[in-house]
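In what follows, a single structure is set out as structure tokens and then discussed.
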Protein chains: 2
Amino acid sequence: MTRRNTRHQHLTLRDVSEASGVSEMTVSRVLRNRGDVSDKTRAKVVEAAKRLGYVPNKIAGALASNRVNLVAVIVPSLSNLVFPEVIAGIDEVLADTPLQPVIGATNYDPEKEEKTLFEMLSWRPSGVIIAGLEHTEASRAMLANCGVPVVEVMDVDGDPIDAAVGISHRRAGYQVGTEIAARGYKRVGLLGTKVDGDHRARKRIEGLEQALSENNIPVADHMAYSGWSGFAKGREMTKAMLERTPDVDFLFYTNDLTGAGGLLYALEQGLDVGGGLGLAGFNAFELLDGLPRNLATVDSRRREAGQIAARIVAGDYTFDGDDRRVELTPTFIAGNTLRNRLTD
Amino acid sequence: MTRRNTRHQHLTLRDVSEASGVSEMTVSRVLRNRGDVSDKTRAKVVEAAKRLGYVPNKIAGALASNRVNLVAVIVPSLSNLVFPEVIAGIDEVLADTPLQPVIGATNYDPEKEEKTLFEMLSWRPSGVIIAGLEHTEASRAMLANCGVPVVEVMDVDGDPIDAAVGISHRRAGYQVGTEIAARGYKRVGLLGTKVDGDHRARKRIEGLEQALSENNIPVADHMAYSGWSGFAKGREMTKAMLERTPDVDFLFYTNDLTGAGGLLYALEQGLDVGGGLGLAGFNAFELLDGLPRNLATVDSRRREAGQIAARIVAGDYTFDGDDRRVELTPTFIAGNTLRNRLTD
DNA sequence: GTGAAAGCGCTAACAG
DNA sequence: CTGTTAGCGCTTTCAC
């Protein structure tokens, strides 16, 4: 028995052509809804294709037509909730187009990002959506020369290669710092992550520190963790910091999940959350709605960033002027873990 | 100025060949690390490719070699945490191989799944990983005939097309029901989702109901929600059910997040959680570690399911016997929202 | 409205 | 170790 006869051999246009008695070219037209084909011929082709279970070969199609309906999407991680949210936004928009996302995770490693990017560009995608503005020299060169729309998402603090969509994390951090000052907190503790490649968390902290410094508020303590962000980590760190620096009156977490853990811990300890002790996180995770208190946080508008990025790639977005940067406004959500503003 | 001269024109092997003075074929060999090439020639080629910024065209390569390093991954949603977790497991394993995942979301819609599958199969991927065992007739036919490994993940209750990896949700539900009975609860309330296509949640409930019925324990109330699962939804539902059926002594949530919301609500109400009122969720979300109480739950071993599925597709997994079904054991985690077993 | 010929950029197979 | 030849399965282009 020859290999040709196994069911694992893919059908070709030729098979459909022979089965329907219509030329390959016309079969191709029918299957792509291109050009005028008589209803009779069309019916014959559709019937044959369906009966045989023909699945077109996009590889060949893409090579011949020089068109690929793939969009490369590159994010640091899938374990951190924020990225699936961006992807969900992308997916939602692309679902209404012929485009399809291809996802790659870099694990916050610029070298891995470079490799993934190279790999993906070799599929000649119709667009690239990539998290952040920081990339290796080589990555930037590839992006600059790939000839398709490139959208850097989730950050606008820097020079985009082509287009950028997201919030300014520096500005968002600054805003939180301003709120802290306006509410009269005097000794701030910072609880962040050790991850080197997390430029956005770093920028948030920088913005926050700037606002504090302008208001002569010291950063009383700073603690960085590594590993997975969850409630437990937030609890641990909060406990440790409160023991090490008992007089902090505000805790800022770069991440809502650790913030929520800190909140739960503080409440259990009977601390005066929202009064003597202020707490704030970052990202406004929807799933946290319904905690005993609403943690103060900032909506980083990830889903929208994904949506707009997808629209840019799909050619369905009009920029405001000639700046291909779309700065979304991070919404500060005071919740009830802060005391009132002294002045308003 | 002709289009040929713009930087958007992709380079070809021929360009590298001309720039290096080496034949296209040898250039191809060098760039793929195939066959023996002298160090001198290799160096010339590598230099030219790098200098020009050549990015190979995998479309053409795939067509010529009939090999595609893409793996189709199809899940219902990216908004429900469980799926990114499976994908993370897949990604982790594939990162060590030449394979690359392509993600598609179906939004729990079988028709959308069928379309996505068709779309993906037309790229002739090296494997398919798809959530669940329930698909349309047409989808099943495509999967059965696509000629590459097909792994259905996250469920083993049913007939796999090729391979299947995951837990038995029916058995997991049954186990929870048994625990409920062993701990002497008598009136159980069920809090689930309305989503039609969520077969796994349905199977959990079925298994649970069976165990209860075998122990003559009635399902005292049943409530289904639609929309996004978060703490808030769990609170609402719990409140509503406790008002409607005040004498329930156990609440089972098909999802940990709603369960956690219910837990927080119950604690605030001063209910005797872990005593008179038992609570359990499902999925063992790591991020919830650190709640005021540990919600009883079941680890559905999603990440491992993804890892094993990826290994199967990568040809790096040996089945135990001739059954291409890998049943993972769901781990019951009692936490401290249940009272003690009456007998042990 | 339909068909025939050429070729997309690469690799398999073979020859040297 | 290196080169030549012949496609992969489609779509483009042009002819009818």
Side-chain angles (χ1 to χ4, degrees), chain A residues 3-4 8-46 48-49 52 54-70 98 119 121-126 147, chain B residues 3-4 8-46 48-49 52 54-70 98 119 121-126 147:
Chain A
R3 189 111 217 310
R4 280 245 144 233
H8 294 254
Q9 198 57 40
H10 288 293
L11 296 164
T12 68
L13 264 190
R14 165 183 240 101
D15 295 309
V16 180
S17 165
E18 282 169 4
S20 63
V22 176
S23 79
E24 277 190 51
M25 194 52 236
T26 301
V27 170
S28 169
R29 286 196 181 95
V30 171
L31 266 21
R32 284 177 302 145
N33 281 315
R34 270 296 136 75
D36 290 331
V37 179
S38 74
D39 285 351
K40 219 181 95 199
T41 310
R42 175 179 304 279
K44 276 197 291 192
V45 171
V46 168
L52 299 176
Y54 172 71
V55 177
N57 185 332
K58 290 223 179 194
I59 308 273
L63 182 61
S65 67
N66 199 25
R67 258 190 291 277
V68 179
N69 66 352
L70 260 19
E119 196 73 12
L121 286 181
S122 66
W123 284 102
R124 301 287 187 268
S126 294
Chain B
R3 190 109 216 315
R4 279 248 145 231
H8 294 252
Q9 198 59 39
H10 289 292
L11 296 164
T12 68
L13 265 189
R14 164 182 242 101
D15 294 309
V16 181
S17 166
E18 282 168 4
S20 63
V22 176
S23 79
E24 277 189 50
M25 194 54 231
T26 300
V27 171
S28 169
R29 285 194 182 96
V30 171
L31 267 22
R32 284 177 300 145
N33 281 314
R34 275 288 142 77
D36 290 331
V37 179
S38 73
D39 285 351
K40 220 181 94 199
T41 310
R42 176 179 303 278
K44 277 196 292 191
V45 171
V46 168
L52 298 175
Y54 172 70
V55 177
N57 185 333
K58 290 223 179 195
I59 307 274
L63 183 60
S65 67
N66 200 25
R67 256 190 294 277
V68 179
N69 66 351
L70 260 21
E119 197 72 13
L121 286 181
S122 66
W123 283 102
R124 301 288 189 267
S126 295

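All chains are named by letter (A, B, ...) in the order of the sequence lines, taking the proteins before the strands, and each is independently numbered beginning at 1. These numbers were taken from a predicted model, which means no experiment stands behind them.
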Without placing hydrogens or testing angles, list every side-chain donor-acceptor pair under 3.5 Å for residues 61-68 of chain B, not counting sequence neighbours.
unit_1, atom_1, unit_2, atom_2, d
B:Ser65, OG, B:Gly61, O, 2.8
B:Ser65, OG, B:Arg67, N, 3.3

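Within the 4.5 Å cutoff, the side chain of A:Leu52 has heavy atoms near those of the A:Val16 side chain.
Taking atom NZ of residue A:Lys44 and atom P of nucleotide C:dG1, one finds them 15 Å apart after rounding to whole Å. The NZ atom of B:Lys40 sits 13 Å away from the P atom of D:dC1 (whole-angstrom rounding). As rounded to whole Å, 12 Å separates atom P of D:dT12 from atom CG of A:Leu63. For the pair A:Glu18 CD and C:dG3 P, the interatomic distance rounds to 14 Å; values are reported in whole Å.
With values rounded to the nearest 0.5 angstrom, A:Leu121 atom CG is found 11.5 Å from B:Lys58 atom NZ. Between B:Tyr54 atom OH and B:Thr12 atom OG1 the span is 7.0 Å, to the nearest 0.5 Å.
With DNA chain D read from its 5' end, the first of the two nearest nucleotides for B:Val37 and A:Ile59 is the one closest to B:Val37. Closest-nucleotide positions on DNA chain D for B:Asn66 and B:Thr41 were compared, and the one nearer the 5' end corresponds to B:Thr41.
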Checklist outcome for this item: A correct 5'-to-3' footprint of nucleotides 10-16 of chain C, with B, S and - meaning base, sugar-phosphate only and no protein heavy atom under 4.0 Å, is BBBBB--
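Closest heavy-atom contact between A:Asp15 and A:His10: OD2-O, 4.3 Å.
When the side-chain nitrogen and oxygen atoms of A:Thr26 are compared with OP1 and OP2 of C:dG1, none of them lie within a distance under 4.0 Å. Note on A:Ser23: a side-chain N or O is less than 4.0 Å away from OP1 or OP2 of C:dG3.
Residues passing the side-chain contact (heavy atoms from CB on, under 4.5 Å) test with A:Ser28 are A:Leu13, A:Met25, A:Arg32, sequence neighbours excluded.
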